[in-house]
S.K.: 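Next up is a structure, given as structure tokens.
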Amino acid sequence: MYFAIPVKKKVTEPIVFSLHSAGFVCGNYSNIFINGVDYSFSKRGFNIVLFDPLSKCITYRACFDTWGSRNDVSHLVEFIKWIPIGTIVLISIKDEATKTMTTEAVSCLETLGASDFDVPYRGGYVLIGRKGAKDGTGIQKIGTQKKPVSISNISDSYFEDFQNLLNNAEFTDLEIQGIKLHRQILSCRVGESKINALIELLEEEKPIITEQLINWVYCRSLKDSADERKIEGILREIGIDYEEKSTEYQFVKDINSLYENKSSFDYSIKLSKTPYEINYEIEDEEKESEKENENENEKEKEKEKEKENGNEKENENEKEKEKGIGKEIKGGDEEIKTHKIILHTRSNLFRGLFLNTNKENSIRDLTGWDYETLIVLIKFMYTDYLDISLITSNNLETFEEMIEYYQLNTKSSLYFYLDLLPFLNSEFKQFQPKQQIILKETSFSFYAYSSGTYLNPGAHLRINGKKYNGHLRGLHILVFDPKTKYIDLNTSLDFYDGYCSEIILENIMNILPIGRIVMLATFGNCSYMFVKKISKALELIGGSKGSLSSHGSYALIGIKGALPGTMIEMASKNPEPVEIETTLDELMKKYKN
């Protein structure tokens, strides 16, 4: 049994995907978390969620039982082929999914960025991919019968950076039982109001427990899981949920709260369209004087240019004397507030400046390194999440240059999104969660046929004579947008022994936009379909029938937003079939009346 339902769920930034998969023997689960919420159906086989990174919306949820049904493999292939270019595709397997897999299905997975689909029987599998990717460019992991797998779009280097920050103990301003740490990090992870209570509790604990908890603060994991219950108890005592705070999403959200807390900024970056320079202070005033003399001619030229534009450069801040501290990236009108500790943690360039290991002023013509591009880079340092809606093909090359220049610690997650950017100026920008079937005709006729189990059994949904639905038992659904001429949805739901079918149908009817044409036809026994809430859902498209006999026939061609009973609907007892034939003009007349 397969099903795919449209969803329109907006997700707030930063966006963190976390996927988990286990076969039947080692847990038997599937999770697709987006910002801490699980959107997987957690059914046997392939569980899939589609995400549009431009609108930042979840667009579809689907599952395909590729262990129990060869038909589901065919539907999986059709579904992947249908997915619009550029869509982020999240896949997690539950129980077993390889039994009926075909070479065509594996090839389709490769169009999402998968590679070497060598999943053992009842093994786990997770993939963060995108439609149109080259094979091997997605983020993928394969488990075994005894080992589940997990992945996230947040790179391992992100957590390693904060682990290194703790290990190096640089710029620390707090100490607990001899362990030096940073108050800003502790504050964003447990809350400023709870720091004193936590310190009091830890002062009474063994040093190993304190070390474990502080390690958890910086990288959300414990060195020794044997102390997990103890750590959980300490955190619970000050009102912190250990499991929630241990997730990738919550860690990223906590670090990002530093950026959102404007009052805690302690560093500024200034830039303009003119060339700018990175300034830090030199310990020896004589060396500083020498460097100023060497660069005197170059600075004079810069001043002359700025005077011509009416923007004389101010030099007052150049002579501050704080040792070893990078003061600002300067030279202009825009200013970005940030935190020294984040720049130090995520950028090797800034770390060198702050620790005074780089003894040269860096002067570069960085035309095109505009405010918007730099703000994306700064946000990435906090969250490891790249907001691609702020990047275009025009500044992509500049952005990659900045990554290299600032010496950011990056791995697959960043470049995974960068690889997506070329699609932004193509068909992906027009993406909506619609099937890629567009009808070129100017006039339209619609035909729906339904028969129960015994007399010419089947269901047919045709537009201009062409049949679009499949051949499975259940309720067949075809949704057509008369304005764009797109087929929005083409699926079926089994109401005889299918699970969740009534919920899915109700969701579909509720989220369909006003004006969509909906064609329905049953095949086989769908009498269980007409529970009270389904009858209410069908009324949203002009239906009115409240019941259906066993193995009876049912067809409806309606429009979302029509009054109950105003559209064309037919039902009969077994074995009599029913059929509806109409045109777009006739439907619109009924809808308007």
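Worth knowing before you read on, the calculation uses all heavy atoms, side chains too, and leaves out hydrogens, waters and symmetry mates. Quick note: residue numbers are just sequence positions, from 1.
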S.K.: Between Asp254 and Gln250, do the side chains contain an N or O donor and an N or O acceptor separated by less than 3.5 Å?
M.R.: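 Gln250 and Asp254 do have a side-chain donor-acceptor pair below 3.5 Å.
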S.K.: Carefully, step by step, assess Thr210 and Gln177 under the rule side chain to side chain donor-acceptor pair (under 3.5 Å).
M.R.: CA-CA 7 Å; Thr210 300; Gln177 285 196 4; 3.2 Å; yes
S.K.: To the nearest 0.5 Å, how far apart are CD in Glu160 and SG in Cys219?
M.R.: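 Going from the CD atom of Glu160 to the SG atom of Cys219 covers 10.0 Å.
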S.K.: Within the side chain of Ser21, is there an N or O that forms a donor-acceptor pair under 3.5 Å with the backbone of Gly124?
M.R.: no
S.K.: Is there a side-chain contact between Leu213 and Ile209 (heavy atoms, below 4.5 Å)?
M.R.: no
S.K.: Evaluate the ring planes of Phe350 and Phe354, with Trp represented by its six-membered ring, and classify them as parallel (under 30°), tilted (30 to 60°) or perpendicular (over 60°).
M.R.: tilted
S.K.: Between Ser155 and Asp384, do the side chains contain an N or O donor and an N or O acceptor separated by less than 3.5 Å?
M.R.: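 The answer is yes; a qualifying pair exists.
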S.K.: Tyr385 versus Val16: any side-chain heavy-atom pair under 4.5 Å?
M.R.: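 With C-beta onward as the side chain, the pair stays apart.
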S.K.: So do Lys131 and Leu112 actually touch side chain to side chain, heavy atoms under 4.5 Å?
M.R.: yes
S.K.: Might you confirm whether atom CD of Glu203 has over 12 heavy atoms from other residues, nucleotides or ligands at distances under 6.0 Å?
M.R.: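 Count over threshold, so yes.
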S.K.: Do Ser40 and Ser92 have a side chain donor and acceptor closer than 3.5 Å?
M.R.: no
S.K.: Side chains of Val89 and Ile48: does their closest heavy-atom pair fall under 4.5 Å?
M.R.: yes
S.K.: For Glu175, which residues count as a salt bridge (charged side-chain N to carboxylate O under 4.0 Å, His left out) partner, sequence neighbours excluded?
M.R.: none
S.K.: Side-chain donor-acceptor pair under 3.5 Å between Tyr242 and Glu228, yes or no?
M.R.: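 Indeed, the side chains of Tyr242 and Glu228 share at least one donor-acceptor pair under 3.5 Å.
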S.K.: Relative to Tyr259, does Lys262 satisfy both conditions: NZ or CZ under 6.0 angstrom from the six-membered ring centre, and within 45 degrees of the ring's axis?
M.R.: yes
S.K.: Taking the six-membered ring of Phe24 as reference, does the NZ or CZ atom of Arg122 fall below 6.0 Å from its centre and within a 45° cone about the axis?
M.R.: yes
S.K.: CD1 of Ile139 to CG of Leu19: how many Å apart, nearest 0.5 Å?
M.R.: 9.5 Å
S.K.: Using a cut-off of 6.0 Å, state whether more than 12 heavy atoms not belonging to Lys9 lie near its atom NZ.
M.R.: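 Incorrect, the count does not exceed 12.
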S.K.: Salt bridge or not for Arg346 and Asp161, using N-O below 4.0 Å?
M.R.: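 A salt bridge links Arg346 with Asp161.
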S.K.: Between Asn31 (side chain only) and Asp38 (backbone N and O only), is there a donor and an acceptor less than 3.5 Å apart?
M.R.: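 No: the side chain of Asn31 does not pair with the backbone of Asp38.
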S.K.: Within the 4.5 Å heavy-atom criterion, are Val11 and Phe51 side-chain neighbours or not?
M.R.: yes
S.K.: Would you say Lys230 has more than 12 foreign heavy atoms packed within less than 6.0 Å of its NZ?
M.R.: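 For Lys230, atom NZ is not crowded (no more than 12 foreign heavy atoms under 6.0 Å).
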S.K.: Given side chains that start at C-beta, do those of Ile142 and Val149 come closer than 4.5 Å, heavy atoms only?
M.R.: no
S.K.: Nearest heavy-atom pair of Ile15 and Thr12: which atoms, and what distance?
M.R.: CG1-O, 3.6 Å
S.K.: Measuring from atom OG1 of Thr247 to atom CD1 of Ile154, what distance do you get when rounded to the nearest 0.5 angstrom?
M.R.: 11.0 Å
S.K.: Report the C-alpha distance between Glu13 and Asn35 in whole Å, list the side-chain angles of each, state the deciding distance to 0.1 Å, and finish with yes or no for side chain to side chain donor-acceptor pair (under 3.5 Å).
M.R.: CA-CA 9 Å; Glu13 296 181 289; Asn35 286 9; over 6 Å; no
S.K.: Which atoms form the tightest heavy-atom contact between Ala62 and Phe41, and what is the distance?
M.R.: N-CE1, 3.7 Å
S.K.: Quick one: are Asp266 and His339 in side-chain contact, heavy atoms under 4.5 Å?
M.R.: yes
S.K.: Taking side chain as C-beta onward, heavy atoms only, is Thr345 less than 4.5 Å from Arg351?
M.R.: no
